[in-house]
Amino acid sequence: MNPERHRTREGILFLALFALTIPAANWLIGHVGTGCVPNGPCLVPVAPGLMAPSGVTMVGIALVLRDLVQRRLGTAVSALFAPASLVVASATAFFLSEFADLAVYTPLARRRLVTAVIASSCAGLVVDSIAFLWLAFGSLDFLAGQVVGKAWMVLLSIPLVAWLRRRDERLGIMPA
């Protein structure tokens, strides 16, 4: 398979996975956790004594997938399908975090892919966490948990990103 076709196919896969993370995150928030706050999110532990809304895991993954979509297909926009109460919060938070992520990732990506993914994901996860928590729940009570939970998912993805970079070089796959 030629490198251009390979890049496009992977880009479509990353885009599909990226699009699925948002409804998955919103579903998790309302249905999965070690406990659920009345009229609020279901929570999961992300560090000793630190809880976060359960969708944090999917959002952390989404931040990395967004970078991989851009690497394969160019700039991307996320899609949302969620309960009405979370649509506005999710859409606004992701819109703002997309711009933060894009502003950091794009200038770094050609020279230092792993650094670009880590730095842009950190910028995006802070913006996303603040915007989402405030809009969805009117509170920043779970901000530390959101940031830590998303950061865990970003850190866990770094070996995959490093492997993709090395494989791209070996196969001659250039970023979009």
I'd like to check Val44 versus Met51 (side-chain heavy atoms, cut-off strictly below 4.5 Å). Are they in contact?
no

Using the rule that two of Ile, Leu, Val, Met, Phe, Trp, Tyr join whenever any of their side-chain heavy atoms come within less than 4.5 Å, decide whether Val64 and Ile12 are in one cluster.
no

Any side-chain heavy atom of Phe14 sitting closer than 4.5 Å to one from Leu73?
no

Main-chain N/O of Asn2 paired to His6 side chain as donor or acceptor, under 3.5 Å
no

Answer yes when Arg167 and Glu10 have at least one side-chain N-carboxylate O distance shorter than 4.0 Å, and no when they do not.
yes

Could you identify which residues cluster with Met174, counting Ile, Leu, Val, Met, Phe, Trp and Tyr as linked when any side-chain heavy atoms lie under 4.5 Å apart, either directly or through a chain of such contacts?
none

List the atom of Leu65, the atom of Phe18, and the distance in Å for their closest heavy-atom pair.
CD1-N, 3.7 Å

Heavy-atom pair with the smallest gap, counting every atom of Pro23 and Ala19
CD-O, 3.0 Å

Arg66 to Tyr105, cation-pi by 6.0 Å centre distance and 45° axis angle:
yes

Are Ile22 and Ile130 grouped together when hydrophobic residues (ILVMFWY) are joined by side-chain heavy atoms under 4.5 angstrom apart?
yes

Does Phe132 belong to the same Ile/Leu/Val/Met/Phe/Trp/Tyr cluster as Met58, with side-chain heavy atoms less than 4.5 Å apart forming each link?
yes

Do the ring planes of Phe99 and Phe95 sit parallel (below 30°), tilted (30 to 60°) or perpendicular (above 60°)?
perpendicular

Can you confirm if the aromatic rings of Phe137 and Phe142 lie within a centre distance of less than 6.0 Å?
no

Within one Ile-Leu-Val-Met-Phe-Trp-Tyr cluster: Leu68 and Met153, side-chain cutoff 4.5 Å:
yes

Should Asp67 and Arg72 count as an ion pair when the cut-off is N to O under 4.0 Å?
no

Transitively linked via ILVMFWY side-chain contacts under 4.5 Å: Ile158 with Leu108?
no

When clusters are formed from ILVMFWY side-chain contacts under 4.5 Å, directly or step by step, what else is grouped with Ile173?
Leu171

If you measure from the Lys or Arg side-chain nitrogens to the Asp or Glu carboxylate oxygens, is any gap between Asp168 and Arg71 under 4.0 Å?
yes

